There are 2 protein chains.
Amino acid sequence: MSDDLRDLPLRERKKLRTRRALAETALRLFTEDGYDATTLDDLCDAVEVSKRTFFRNYRSKEDVALAADSELWSAYLDRVAAQELTGPLIEALRTTLVTTLGDMDLDWDRRFLAARELSEAVPALQAHSLGYCQDTTRALVAAVSDRSGGDVAEVRARLTVEIFVAAWRTASLRWTARRGSGGRDALVALVQETFAEIPAALASCA
Amino acid sequence: MSDDLRDLPLRERKKLRTRRALAETALRLFTEDGYDATTLDDLCDAVEVSKRTFFRNYRSKEDVALAADSELWSAYLDRVAAQELTGPLIEALRTTLVTTLGDMDLDWDRRFLAARELSEAVPALQAHSLGYCQDTTRALVAAVSDRSGGDVAEVRARLTVEIFVAAWRTASLRWTARRGSGGRDALVALVQETFAEIPAALASCA
DNA sequence: CAACTTATGCCACCGAGTGGCACTGTCGCC
DNA sequence: GGCGACAGTGCCACTCGGTGGCATAAGTTG
């Protein structure tokens, strides 16, 4: 995923540099000064870019804050599309997630943690982030249903994917709660733990 | 839930009437002309109310479109708070949901269906609707964790609640896909079916 | 009827997001 | 090396969702 590659056309390099500067500065300003307190004009001034240019790089103010989420899901979907899933679906989904996590950029941890913490503090970001999950869910269901058609099968696929996302969200919430300590390895461990808890959770009493 | 009650102070009655007129007209305009194409000014003109008044009744444009969702979750949380949950947690949550569904207003079906269809067409509404689920999740976890403390228990509770919401979303999606045919009874039946599918989904293969 | 409360209307304002157009740096081609 | 083509950018004006403030009208209470 690390396409730092300097063998891109000059134009692309410039564009990529402003894209990253925007995401980086946005994350800093949002956490330092607050999400609502930071206007897009502030951000654009800081990066020395026009507001118009911002919107050519990101679809919305929420989008730039949650760039790390977006990268994860995009990488995940690529991976799912590239390989064939075998065995129990939820296991396959979990395994692929763990692999994808391992392959993210080196500083992805930090950016993702910042995004999660913002997302918990700002309702608008939380909603937007859930939207990403939902889009990913849709795409996953489509990808999985293509391979094994059927009507009952589709309901099961959707349900499985929803549960998968639910477990991921629980795991990342736990990781965020301890402020990301242990880094990516800890996150992966929490994913494994949380998925293993699913049967117990279904059986647990009030 | 049917507090049509005319034994309220006159002022309350008026307020309630504009509240309902706003929700009703909003749903109509949004479905007829499109969500984005309908401005709040359009809505306020149609109801003959100032924009300021709109925002004293609803927090946002999304809010008024998803009033039916909001009512459901609010009624559900009331019910959960009022009774004690016994036996397997997910069963208790499901049963309470079915009861709550049975007790909604008579025209709730129609409004909920309209809200769901809008929500599937408009990303902003989808995100907002997921936000409601998330808030409900939080509240449920808090309510359940109060009763049975513990650290591992809290993770299980959260996971259970997340799975509960996942199943509900799958069920209501199925209902919406068939355009709400069969009304509320069909929705309840789908809820039962979908929850029953959970074990099979977890075991299902790709 | 008078005094108080509360919802409402009106107006000015902020910030997110879009469309249009002119400009400039980059790239391909001769 | 010069010369168009064109993507990316800046600037400007605009729409629309959402908020604050204040005067006013409507409902409530004595």
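Only this structure's heavy atoms are used, side chains among them; waters, hydrogens and symmetry mates stay out. What you are looking at is a predicted structure, and each value in this text was computed from that prediction instead of being measured. First the proteins, then the strands, lettered A, B, ... as listed; each starts at 1.
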Requested in this report: State, yes or no, whether a side-chain contact exists between Trp108(A) and Leu72(A) at a heavy-atom distance under 4.5 Å.
Outcome: yes
Report task. Could you check which of dG17(D), dG27(D), dT8(C) has an atom nearest any side-chain atom of Lys61(B)? Result -> dG17(D)
Report summary line: Leu40(B) atom CG is separated from dG9(C) atom C1', nearest whole Å, by 16 Å
Query raised in the report: When the distance from CZ of Arg17(B) to P of dT8(C) is rounded to whole Å, what number comes out?
Result: 11 Å
**Report entry** Interatomic distance, Arg13(A) CZ vs dG25(C) P [rounded to whole Å]
**Finding:** 17 Å
Requested in this report: Would you tell me whether Ser119(B) and Arg116(B) have side-chain atoms, one donor and one acceptor, within less than 3.5 Å of each other?
Outcome: yes
Query raised in the report: Which parts of residues 41-58 of chain B get close to DNA chain D, meaning a heavy atom less than 4.0 angstrom away?
Result: Lys51(B), Arg52(B), Phe55(B)
Report task. Rounded off to whole Å, could you give me the NE2-to-P distance for the His128(A) and dA16(C) pair? Result -> 14 Å
Report summary line: Rounded to whole Å, the CZ-C1' distance (Phe30(A) to dA16(C)) equals 12 Å
**Report entry** side-chain N/O Lys15(A) vs dA7(D) OP1/OP2, d < 4.0 Å
**Finding:** no
Query raised in the report: So which one's nearest nucleotide on DNA chain D is more toward 5', Thr38(B) or Thr18(A)?
Result: Thr18(A)
Query - Parallel, tilted or perpendicular: ring planes of Tyr76(A) versus Phe164(A), cut at 30 and 60 degrees - result: parallel
Report task. Indicate yes or no: at least one non-hydrogen side-chain atom of Ile163(B) is less than 4.5 angstrom from one of Ile198(A). Result -> yes
Report task. In whole angstrom, give the distance that lies between atom CZ of Arg19(B) and atom C1' of dT8(C). Result -> 16 Å
Report task. For the pair Trp175(B) and Phe112(B), name the ring-plane relationship: parallel under 30°, tilted 30 to 60°, perpendicular over 60°. Result -> parallel
Query - Separation of dG17(D) P from Leu125(B) CG (nearest whole Å) - result: 12 Å
Query - Nearest-Å distance for atom pair CG/P, residues Asp36(A) and dG17(D) - result: 19 Å
Query raised in the report: Side chains of Ser50(A) and Thr53(A): is there a donor and an acceptor less than 3.5 Å apart?
Result: yes
Report task. Return yes if a side-chain donor-acceptor contact under 3.5 Å exists between Arg158(A) and Thr137(A), otherwise no. Result -> no
